[in-house]
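Below, chain A is the first sequence line, B the second, and so on; all start at residue 1.
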Amino acid sequence: MDAPILSARDVVVKFSLRGQILTAIRGASLDLYEGETLAIVGESGSGKSVFTKTFIGMLDANGWVDSGSIMFEGKDLAKFKTEREWLTIRGKKIAMVFQDPMTALNPLRTVGMQIQEVLELHQGLKGEQAKKRAIEILDEVGISDPAMRYSQYPHEFSGGMRQRVVIAIAIACNPRILICDEPTTALDVTIQAQILELIRRLQKRLGLTIVYITHDLGVVANVADRVAVMYAGDIIEYGTVEEIFYDPRHPYTWALLSSLPQLGRKGSPLYSIKGTPPNLFTEIKGDAYAPRNPYALKIDFVKRPPFFKVTPTHYAKTWLLDPRAPKVEPPEIIQAMRAKYRVSERDA
Amino acid sequence: MTDHKREVLLDVRNLRVEFKGKGKKPFIAVEDVSFQIYKGETFGLVGETGSGKTTIGRAIVRINETAGGEIIFKGKKINGVIPKELDKEITRKIQMIFQDPMASLNERAKVDYIVSEGLYNTGNYKDEEDRQAKVRKALLEVGLLPEFASRFPHEFSGGQRQRIGIARALIMEPEFIIADEPISSLDVSIRAQVLNLLMELQKTRGLTYLFISHDLSVMRFIADRIAVIHKGRLVELAETEELFNNPLHPYTRALLSAIPIPDPRVEKKKKILVYDPRCHDYSQDKPKWVEISQGHFVLGNDAEIEQYRKILTRAS
C-alpha cells in the first residue's frame, strides 16, 4: 500500500470540564490513504467527532491534543497552535461537512455569497469571477437552476438541498480530505440515498479522500472502503469493509452488529449490550469494554490489549486474538454473516 | 392469516386533518386515510418528514382536531365532540411514547411526578400509598430501580429516559400505545434494549402498538403490518413481509430501495429507485384505495391497479 496521506499516532485529547479532566481520546491511531473512503463508527460519546476535529483544529476551547502526532503533508498538526497555522489547512486542504444543514449555514446571507466568501478568502478569486465559479459549484453538487438559487437564502432550500450547499462550500477549495460528520442523519432515507450518491460522484471526479463518521452501519456498508470502530475514545478494530462486516474480531464489533434490527430475527429479542460506556473522567484500567463484554478474559481487566494483526489490512485490540487465549466462537448472527459471505465468495 | 376474524381495536375511516393559517386556504395534512388496527398487533406507519404520520397519531389521541372522517376505538367514535367520560377513558387507554426523551420529559420535575402525572390528572389511584406502589411497579417493569423516583431526568442517559417515558405511559394501564419514533434518537445498542422492552411488554400486557417511524428496517423487525404514507395519503398497506416482497406503489418501491442494508456486498450493488409523483396521470382517472389481494391495499387509478394486478400474478 502507498504511504498514507494522513497519519495519526497515539492521539490523546483531553477536555477540562468544571475543574475535572476528561480524556476523550485515549491514544487513537489511524492511517488515511489517498482516494479512499474510511468510515468511523461508534456510539455517541465514543469520540469519533472529537478525534476527527483534531485534524482541522476545531476542538472546543476547553479541549486540547495532549500527546501524539497527526502527520499531514510533512507537518505535525498536533503541534499547531495558532489560528494562522490552521488556516493553511482547514477548509483549504481538509474540509468538513457537518450533520445538521439547518445550523451549518448562515441564515442571513444568500447561499451564493456563502460559497463565494470561501472562494475569495482561499482562492483569491474576485467579484464576477468568484460568482461564476460559485454558480458552477452549485451546479456540480446537483442544484438545478444554480444562477437563480445563487441569490436565495438557506430557508428557501429543503434539508437535502441545504446539505448540498454545505457540501458545495466544503469542496469549493478543492480540499484533499473531506470529513463528513453524520452528513445524512438529519435527512429522509430517499434524500440520504441521493446525498451518498453525490458524495461518491464528487469523490471520483475530484479524487477526494473521505472520512465518513456515522453510527448507521447500513450507510457504512454503502460508502466505506475501510472501517474503523471506536469505543470509549479508542479505535478498537479496523479493516476493509468486508473484513469488518463478514469477519469482525472484537467483541464490541460483534455486539454492535448483533444489535441491528436488520440482522435480527423477528419475534426473538435483539442482542443488546449490557451496562453503559465507561466514565472518561477516571482512568480506565485494562480493556475499556471489559465490564460489558461477556467474552472478557481475566487479563482484560488488568492490561489494555495492543493491536493484534488478523490480515495485513485488518487489526483488532482484543486479547481474544492472543495465541494463548481460549478459542471463542462469535455470536450466531456474526457466524451467519460469515457463512453467507463464504457462499457469495464461492459463487463469485 | 385470518385477519377478518381478528378483533378490530382501532378503525380509522377517511380521516382528514387540516391546519388553518390566517385567511389562507387550509393546509391538508392528512387526506382520506383509512386503516384498521387489530388487537394485540404492531401496526407500523412509515413516511418521510412532513408526510403526516405524526399528525395521524396526534389525531387519534385528540391533540389534533379532525376535519373529516371517523376514528373508532373499541366500537366508539372518539374524534370530534364526545362525552367527557369517554374523553377520560381514552386518555387512560391510549397512551403515547415520544421520539426525543431529552425533550419530552419535564426537566424540573422528579421522575416520581413525571411518571404519576397521568394518575394525578385522572385521579386513577386510591391513596398516596397506592400511587407510590404504582410508580414503583411501572419503574420496575421498564427495568429501572424504584429509587430512581426521587431523581431528575437530567441524571439519566437517553435510553433510561426513554424507559421513563414508557413507564409514564404504562402506569395508565393502557390498551393501545402510539409510539412516535421511540428509538430514532437513541444509539444502536440502546435501540436494541428499548425495542426488546417494547416487545416484551406487548407479550406480557397484551398491548397493541401503533409504531410511527421513518425507518423501514426497524419496522420490518417489529411491525406485523405496515402502512406507507406519502404527502398525507396512504399509498400502500400490507403485512410486513408481503410489503417487502411485493411492493407495488412506486413510492413504496423507492422507499424500500433507499434503506441502507448493513451488508456491503448487497449494499454496494443495489440500485436506487427515485419516486417522481408525475408518473401518475390522475387528470381523469382518479386514484382509489383498493384491496388488491387479501390484506394488501394500494392507492391507484384503474389503469395502475390493472398493472399492479399483473405484477402480483407474475410474482405468485
TODO: Kindly say whether the aromatic ring centers of B:F35 and B:F43 come within a distance under 6.0 Å.
DONE: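 Between B:F43 and B:F35, which both carry aromatic rings, the centre distance is below 6.0 Å.
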Task: Heavy atoms from other residues, nucleotides or ligands near CD of A:Q335 exceed 12 (cutoff 6.0 Å) - done: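 Atom CD in A:Q335 is crowded, with more than 12 foreign heavy atoms closer than 6.0 Å.
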Task: More than 12 heavy atoms from other groups under 6.0 Å of CZ on A:R265 - done: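 No - once you tally the heavy atoms of other residues, nucleotides and ligands closer than 6.0 Å, there are 12 at most.
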TODO: Look at B:K268, B:E200, B:H214, B:K269 and state which one has the largest set of heavy-atom pairs under 4.5 Å with chain A.
DONE: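 Top count of heavy-atom pairs under 4.5 Å with chain A: B:K268.
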Open item on the list: Please rank B:V218, B:T49, B:I259, B:T240 by heavy-atom pairs under 4.5 Å with chain A and give me the top one.
Closed with: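 Of the candidates given, the most pairs with chain A belong to B:T49.
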TODO: In sequence, state the C-alpha distance, the side-chain angles, and the governing distance for A:W254 and A:Y295, and then conclude on ring-ring contact (aromatic ring centres under 6.0 Å, His included).
DONE: CA-CA 11 Å; A:W254 293 347; A:Y295 303 94; 5.1 Å; yes
TODO: Answer yes or no: is there a donor N or O on one side and an acceptor on the other, between the side chain of A:E237 and the main chain of A:H250, under 3.5 Å?
DONE: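 Checked: pair present.
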Task: Any donor-acceptor pair under 3.5 Å from B:S257 side chain to B:L273 backbone - done: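 Between the backbone of B:L273 and the side chain of B:S257 there is a qualifying donor-acceptor contact (under 3.5 Å).
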Side chain from CB out, backbone as N, CA, C, O: work out which of these in [X] comes under 4.5 Å of a heavy atom of chain A, or both, or neither.
X	result
B:I261	backbone
B:K203	side chain
B:D263	both

Open item on the list: Can you confirm if the NZ or CZ of B:R220 lies within 45° of the ring axis of B:F244 and under 6.0 Å from the centre of its six-membered ring?
Closed with: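 Because its charged atom sits under 6.0 Å from the ring centre and within 45° of the axis, B:R220 does stack over B:F244.
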Which atoms of [X] approach chain B - backbone, side chain, both or neither, heavy atom under 4.5 Å:
X	answer
A:L263	side chain
A:Q192	side chain
A:S268	backbone
A:Y271	backbone

Task: Close contacts, residues 148-158 of chain B versus chain A, judged by heavy atoms under 4.5 Å - done: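 Hits under 4.5 Å: none found.
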Open item on the list: Would you say that B:E141 contacts B:R205 through its side chain, given a criterion of any heavy-atom pair below 4.5 Å between the two side chains?
Closed with: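 Yes, their side chains come closer than 4.5 Å.
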Open item on the list: Please verify the inter-ring angle class for B:H280 with B:H249; under 30° counts as parallel, over 60° as perpendicular, anything in between as tilted.
Closed with: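 Tilted.
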Open item on the list: Is there a side chain to side chain contact (heavy atoms under 4.5 Å, CB included) between B:I177 and B:I97? Walk through the geometry before answering.
Closed with: CA-CA 7 Å; B:I177 287 186; B:I97 298 168; 3.6 Å; yes
Against chain B, work out which of [options] has the most heavy-atom pairs shorter than 4.5 Å and name it.
options	result
A:G159, A:P269, A:A224, A:P261	A:P261
A:N222, A:V223, A:I273	A:N222
A:A193, A:S44, A:S258	A:S44
A:A255, A:G267, A:G264, A:G45	A:G264

Task: Closest approach of A:D287 to A:K317 (non-hydrogen atoms, all atoms of both residues) - done: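 Nearest pair, atom of A:D287 first, then A:K317: OD2-O, 4.4 Å.
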Open item on the list: List the residues meeting ring-ring contact (aromatic ring centres under 6.0 Å, His included) with A:Y238, not counting sequence neighbours, and say none if there are none.
Closed with: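 If we apply the ring-ring contact (aromatic ring centres under 6.0 Å, His included) test to A:Y238, skipping adjacent residues, the hits are A:F307, A:Y315.
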